[in-house]
Amino acid sequence: FKVQDMMIFDDPRIFRGSCIWQLMHGAAEVFANSEGSAESYALSCIQQSLDAFISHNWSVPRRRKYYCLLSHYNAFPAFVAGLFASSTVMVLIAIGFVPLIDIKPESIFEYPKRSLASCVLVGHIVSMIILFTYHELRLCVTGWHGPAVFLDKTCIHQSDMDLQTAGIRKLGAFLRRSRCMVVLYGQEYLQKLWTVYELASFLTLRPGSQIWVIPLWFPVFIFIAMQVVFLKRCVRYTLVYLSEYSSLFEGIPIIMFGVE
């Protein structure tokens, strides 16, 4: 085979892609193992173009890949939804439907403060719900399964040797027809010949195209940090509320978590 023949699809039935919903459904169940079948191949269909080429290592646990996909495809909608929810609550506060919590100053040199606990809590809760369910909600509301992407397990037949050989030979064509590459990056990534080949080929075939490198640890770290901050705020607002409105906490200063 000539190199040029590997860059084009002479059989359009080989050019297949999976919708991102199929990869993220069931907490990225498709990433559970590398063993493919006719059923996994059926998760893809013939495409005209691909939004992204998913490059990863099968030795990485699927949960870590799931969080990476959540951060890449669902984080922005989650941010927008959380901001909209917080803004809605703020409007309700402004017109008097939602009460504020008054915070007494700790000294005569401080001004009285009013806490927007409802805005923070509602915004966070909504953003977390959307983060984990946006791909499902989008399908229910619009019927769209999301952008088409390449995943080796679903786009290259794993049990039919003829189709598998044809798909592997056209890997360069898959890369060439992908708008961008999404790299789920771990310590193993640059140690495996296959993923190094994918990255090098994409840089050669699509110079100047986007490459999203998502470290496997980063989404988990951000998620845990957000939950810690959220729990801190919950405890702070609870203590403030109880100290202001319950005689059981009368006289106890709330200084552990501060007041913004």
Side-chain angles (χ1 to χ4, degrees), residues 20-21 24-29 31 60-106 110-141 146 182 184-186 212-246 248-250 252-260:
I20 194 63
W21 174 84
M24 299 176 68
H25 181 65
E29 186 178 2
F31 287 96
V60 176
R62 73 181 177 101
R63 291 286 180 179
R64 300 177 68 182
K65 299 176 186 178
Y66 176 57
Y67 282 111
C68 288
L69 294 177
L70 286 176
S71 67
H72 185 70
Y73 288 102
N74 290 6
F76 182 72
F79 169 77
V80 172
L83 184 62
F84 178 78
S86 296
S87 302
T88 301
V89 174
M90 187 175 297
V91 171
L92 295 177
I93 290 175
I95 61 180
F97 279 95
V98 178
L100 285 167
I101 300 175
D102 292 326
I103 310 298
K104 294 181 179 179
E106 296 180 4
E110 292 185 0
Y111 291 99
K113 302 176 181 179
R114 309 191 77 187
S115 172
L116 299 178
S118 302
C119 292
V120 175
L121 300 183
V122 171
H124 179 85
I125 292 172
V126 170
S127 65
M128 288 296 101
I129 293 174
I130 297 301
L131 178 65
F132 285 94
T133 63
Y134 176 71
H135 52 287
E136 304 287 354
L137 293 174
R138 179 179 56 197
L139 176 63
C140 294
V141 174
V182 177
L184 309 185
Y185 183 81
W212 298 92
V213 180
I214 308 175
L216 293 170
W217 61 268
F218 185 71
V220 177
F221 171 78
I222 294 298
F223 177 76
I224 293 175
M226 290 178 64
Q227 305 318 306
V228 170
V229 172
F230 175 66
L231 291 175
K232 175 182 175 180
R233 287 178 178 274
C234 287
V235 172
R236 183 183 67 181
Y237 291 140
T238 301
L239 292 177
V240 167
Y241 179 82
L242 293 176
S243 67
E244 290 292 323
Y245 298 101
S246 174
L248 295 177
F249 291 84
E250 186 176 357
I252 300 179
I254 306 303
I255 61 175
M256 290 179 58
F257 299 93
V259 178
E260 294 180 355

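Residues take their numbers from the sequence shown, with the count starting at 1. Bear in mind the structure is a predicted one, so any value in this text is a computation, not a measurement.
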Using a 3.5 Å distance criterion without hydrogens, assess whether the side chain of R62 forms a donor-acceptor pair with backbone atoms of A27. yes
Given 3.5 Å as the limit, does a donor-acceptor pair link the side chain of S127 with the main chain of A78, or not?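 The answer is no, because no donor-acceptor pair under 3.5 Å joins these two groups.
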Tell me the closest heavy-atom pair linking [X] and [Y], and the distance in Å.
X: G123; Y: A85; result: CA-CB, 4.4 Å
X: T133; Y: I129; result: OG1-O, 2.5 Å
X: L216; Y: G186; result: CD1-CA, 3.6 Å
X: L184; Y: C68; result: CD2-CB, 3.7 Å
X: I214; Y: P219; result: CG2-CG, 3.9 Å

Can you check side-chain contact (heavy atoms from CB on, under 4.5 Å) on F230 and I125, steps first, answer last? CA-CA 9 Å; F230 175 66; I125 292 172; 4.0 Å; yes
Test side-chain contact (heavy atoms from CB on, under 4.5 Å) on C234 and L121; report intermediate values, then the result. CA-CA 8 Å; C234 287; L121 300 183; 3.8 Å; yes
Any residue meeting side chain to side chain contact (heavy atoms under 4.5 Å, CB included) with F132, in chain and number order, not counting sequence neighbours: Y66, Y67, L70, F223
Can you confirm whether W212 is buried at CH2, in the sense that more than 12 heavy atoms of other residues, nucleotides or ligands lie under 6.0 Å from that atom?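 Count not over threshold, so no.
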Would you say [X] and [Y] make side-chain contact, with heavy atoms under 4.5 Å?
X: I20; Y: R138; answer: yes
X: S71; Y: I222; answer: no
X: F84; Y: I130; answer: no

List the steps and the verdict of side-chain contact (heavy atoms from CB on, under 4.5 Å) for F31 and L69. CA-CA 11 Å; F31 287 96; L69 294 177; 3.7 Å; yes
Stepwise, does the side-chain contact (heavy atoms from CB on, under 4.5 Å) test hold for E136 with M24? CA-CA 9 Å; E136 304 287 354; M24 299 176 68; over 6 Å; no
H124: which residues meet the side chain to side chain donor-acceptor pair (under 3.5 Å) condition with it, sequence neighbours left out?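 Partners of H124 under the side chain to side chain donor-acceptor pair (under 3.5 Å) test: Q227.
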Atom CD1 of I93 and atom SG of C119: how far apart are they, to the nearest 0.5 Å?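 The distance works out to 4.0 Å.
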